[in-house]
Amino acid sequence: MILTLTLNPSLDRTIEIAALARGAVIRAAGARLDPGGKGVNVSRALLANGVAARAVVPFAGDEGAQLVRLLAAEGLDMVTVPVAGTTRSNVTLAEPDGTVTKINEPGPALSAAELDTIAETVLAAAHEADWVVASGSLPPEVPADVYARLCRRFAAAGLHVAVDTSGPALACVLAAGPALVKPNLDELAAVTGRPLARVGDVVEAAAGLRAAGARTVLASLGADGAVLVEDGGVWYGEAAVTEPRSSVGAGDAMLAGFLAAGGRGAPALAEALAWGAAAVRLPGSRMPGPADIDRAGVRTGLPDPARPLTVPHAPPVPEPVAPSSHG
Ligand SMILES: Nc1ncnc2c1ncn2[C@@H]1O[C@H](COP(=O)(O)OP(=O)(O)O)[C@@H](O)[C@H]1O
Ligand SMILES: O=P(O)(O)OC[C@H]1O[C@](O)(COP(=O)(O)O)[C@@H](O)[C@@H]1O
């Protein structure tokens, strides 16, 4: 069984528009509402493919109640934890060529007491679990080392811990030795401070995360596929998508596919790519089921370090430090 934890789940509203124009009134061609948040999506994808999964879901206010209703309607096995405030709503503007613009709210703050309750809930719900997936951005007022602390606690309880997060939370968790991290290109460039222009840059950056403590690195490269760096070796793979619909949730579907296939080696990478590509062909953050997943279009093999990435990524420019006014 795979248990997921989403500290900052969401209602995902996807609005389909012809083209994004700042300052204009844009008439939408369509809209949909999905339950969202990275760990929530991993559980939804596993459920859709008949893999045993359970989700720990903090929820708050009317939006939180709606999130729980949507998840219950999908038949998700979940343990809900009431918290203060209002669950966030994230908006995606999706254009016909597959371009998505995402606006993610910060979400409700979590107190130290609420975090403790959530951690205890995960441990109580984990009795049949092999993996715990801790995913997504941190809500306000949650310390950046929270995943590191949770990772140590869960690993001490004998669980394999996978973490999919960004920024300081990703930087902090590495030293706690997670079994797996799944950065995308932006996250990998930011956490390593390295520009990523070629597949070889990704392999080196992923090796850097392993040197910092992560056991396995599954780096997702959007339309360029993915790189897997683990004890057994280094693999590259891709799955072509001719008509991308929405990439929201593709990384979550990909992580679900990787874990469903055992969480290591080229066969798990191939499954991850098939699930990720299937998610990209679906609207909003709909998770793919068996009828959506096309394994024939997946290629895996050794990475070509010289292969350029379609969209090179640079680390964010650090904020200039203001001169001190104290002489
Ligand atoms: N435009 C695309 N074409 C084909 N596959 C894609 C595309 N976008 C995403 N994917 C697949 O989904 C995976 C996850 O997407 P990515 O954007 O890297 O992650 P995240 O959603 O976490 O930001 C990729 O590794 C790839 O397999
Ligand atoms: O926690 P974050 O980083 O704000 O991301 C939350 C958003 O990511 C999603 O989980 C989609 O994630 P991916 O596109 O990375 O797979 C949405 O459902 C949700 O709105």
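What you are looking at is a predicted structure, and each value in this text was computed from that prediction instead of being measured. One-based numbering, in listed order, for ligands and for the atoms of each. For this chain, numbers begin at 1 and follow the sequence in order.
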With a 4.5 Å limit on heavy-atom distance, are the side chains of [X] and [Y] in contact?
X    : Y    : result
V146 : L115 : yes
T117 : V81  : yes
L259 : V133 : yes

_Shared hydrophobic cluster for L46 and L71 (ILVMFWY, side-chain gaps under 4.5 Å)_ = no
*Could I get the full list of side chain to side chain donor-acceptor pair (under 3.5 Å) partners for T165, not counting sequence neighbours?*
none
*Name the residues in contact with ligand 2, where contact means a heavy atom under 4.0 Å away: which are they?*
S10, D12, G36, G37, K38, N41, R88, N90, K102, N104, G136, S137, S247, V248, G249, A250, G251, D252
*ligand 1: protein residues within heavy-atom distance under 4.0 Å*: K182, N184, S220, L221, G222, A223, G225, A239, V241, A250, G251, M254, L273, G276, V280
*Any sub-3.5 Å donor-acceptor pair from D201's side-chain atoms to R198's backbone N or O?*
yes
*Counting only heavy atoms not in H160, do more than 12 fall under 6.0 Å of its NE2?*
no
*asked:* Which residue in the set V161, L218, L209 passes side-chain contact (heavy atoms from CB on, under 4.5 Å) when paired with V181?
replied: L209
_D231: salt bridge (charged side-chain N to carboxylate O under 4.0 Å, His left out) partners, not counting sequence neighbours_ = R210, R215
